[in-house]
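This report refers to the structure that appears directly beneath it.
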Protein chains: 2
Amino acid sequence: MESFKLFLKSIVPLSDQEFEKYSPYFKTRTLGRNSYFAEIGKTSHEAAFIKKGLLRTYYVNEKSEEVTSCFCTENNLTASYKSFISQQPSELSIQAVEDTQLITISYNDLQTLYQKSPLWQNIGRSIAERQYMVMEQYASVLCNETAKEKYMRMLKEQPAVVNKASVNDIASYLGITRRTLSRIRKEISL
Amino acid sequence: MESFKLFLKSIVPLSDQEFEKYSPYFKTRTLGRNSYFAEIGKTSHEAAFIKKGLLRTYYVNEKSEEVTSCFCTENNLTASYKSFISQQPSELSIQAVEDTQLITISYNDLQTLYQKSPLWQNIGRSIAERQYMVMEQYASVLCNETAKEKYMRMLKEQPAVVNKASVNDIASYLGITRRTLSRIRKEISL
DNA sequence: TAGCAAAAAGGACAAATGTCCTCGAATTTA
DNA sequence: TAAATTCGAGGACATTTGTCCTTTTTGCTA
């Protein structure tokens, strides 16, 4: 739970006592490689902090292809946010790329925390703001770079993900084809 | 203020009395065509609801080109969120595409509201969540569609913006060049 | 450890998009 | 209102990226 406490502290001021007080609401869980934290069509009742491991979120487009929309990495959160927040069926699946340890909270427990304490209202808001800023960055940058620029950026900013994820998933994450990614890798290696 | 009240009510349960109670914190302001609501390098101390008009947010990339990252439309919010939330210099400019009427709140007043009332904590959190979901949609969709698909989507989902904004701004918003957009328009008109 | 299946690399060609340019129409400014 | 400037359309060509396919490599399992 230590890393999760540090994560929360990076978002809001939080004493160790306060953290202890609320920690019973959080559960630890392990997810084996390729198993799912959320699935398309099912309502997502949990959000999670990633203690160790890697997940990818994906949706399925009109051509029935899986499109990886996000890699969720250690010491960050993961959730099918839209589904979790609205308690509607998920448009995303979230799958473990490798064995992954999670610290989870249920939707109901989180609502309880919101009611119990303005501290949690504050945490909830700050996290939503934070997620938004990350997504804004991702969106504006990825849409205006070439395939090579995008891959170079990913190599620099998420080297661990590049090592662990499949070529297919990396390519769809960058919005390019396998073939293009293969060409770029070749070019870089020269 | 009526449209703003409706906007808030669509997010959280809110009585007319409550709205009246807090409305003194909000100011009305008009922004002439091409003038700025936020500027790169300056810390943004206000967020706004757009009563009437249209704005675009843009950043400047390494090639010194303006890249339009968002069109902010009537009955929605606008802000250089990252700057406003963190009170750090803005990486975005926000410029009026046409004469625009805004309902604004200052950072300090918003913090006061957060402290005064859990209602506002809730509004703040819900808005951040909402912005996040919009951005998520934008990001995942735009990165995996062709130039034509993106433009057709925009025509369908934001016809008013297509009519008002310049070709340059629309192209950079879609992550394509003017030339490509010109070709697509030609093709569609046949 | 041999054989199989899945993943990645890459060849050949087609299509999409970008670059650089010119031209004419629309809009602003003196 | 004339001149100047901006803006959008589009030609010609270069480059990038995609498509479809085969080959090679990797990793798993019997």
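Chain letters run A, B, ... following the sequence lines, proteins first and then strands; every chain starts at 1.
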Could you run down the sub-3.5 Å N/O contacts of the protein with nucleotides 15-24 of chain C?
from	atom 1	to	atom 2	distance (Å)
dT17(C)	OP1	Ala147(B)	N	3.0
dG18(C)	OP2	Thr177(B)	N	3.1
dG18(C)	OP2	Thr177(B)	OG1	2.9
dG18(C)	OP2	Thr180(B)	OG1	2.3
dG18(C)	N7	Arg183(B)	NH2	2.5
dG18(C)	O6	Arg183(B)	NH1	3.1
dG18(C)	O6	Arg183(B)	NH2	3.3

Exercise. Do Gln111(B) side-chain atoms and Asn108(B) backbone N/O form a donor-acceptor pair below 3.5 Å?
Worked result: no
Problem set entry | Result of checking Ile50(A), Thr57(A), Thr100(A), Thr104(A) against Phe37(A) for side-chain contact (heavy atoms from CB on, under 4.5 Å) | Thr104(A)
For this session: State which residues pass salt bridge (Lys or Arg N to Asp or Glu O under 4.0 Å) with Glu157(B); sequence neighbours excluded, sorted by chain then number.
Result: Arg153(B)
Exercise. Would a 4.5 Å heavy-atom cut-off, applied to side chains only, mark Leu119(B) and Tyr22(B) as touching?
Worked result: yes
For this session: Output yes when a side-chain donor or acceptor of Ser83(A) lies under 3.5 Å from a complementary backbone atom of Gln88(A), and no otherwise.
Result: yes
For this session: Return the set of residues passing salt bridge (Lys or Arg N to Asp or Glu O under 4.0 Å) with Arg56(A) (not counting sequence neighbours), or none when no residue passes.
Result: Glu66(A), Asp169(A)
For this session: Taking the side chain as every heavy atom from C-beta outward, state whether Lys5(B) and Met1(B) have any atom pair closer than 4.5 Å.
Result: no
For this session: Tell me whether the guanidinium CZ or amine NZ of Arg130(A) lies under 6.0 angstrom from the six-membered ring centre of Tyr132(B) and within 45° of its axis.
Result: no
Protein-nucleotides 26-30 of chain C N/O pairs under 3.5 Å:
none

For this session: Ignoring hydrogens and angles, tell me if any N or O in the side chain of Gln95(B) forms a donor-acceptor pair with the backbone of Tyr36(B) under 3.5 Å.
Result: no
Exercise. What parts of residues 150-159 of chain A reach DNA chain D, counting only heavy atoms under 4.0 Å away?
Worked result: none
Exercise. Taking the six-membered ring of Tyr114(B), is the NZ or CZ of Arg125(B) close enough (under 6.0 Å from the centre) and on axis enough (within 45°)?
Worked result: no
For this session: Would you work out how much the helix from dT1(C)-dA30(D) to dA30(C)-dT1(D) bends between its ends, with each end axis defined by five base pairs, to 10 degrees?
Result: 50°
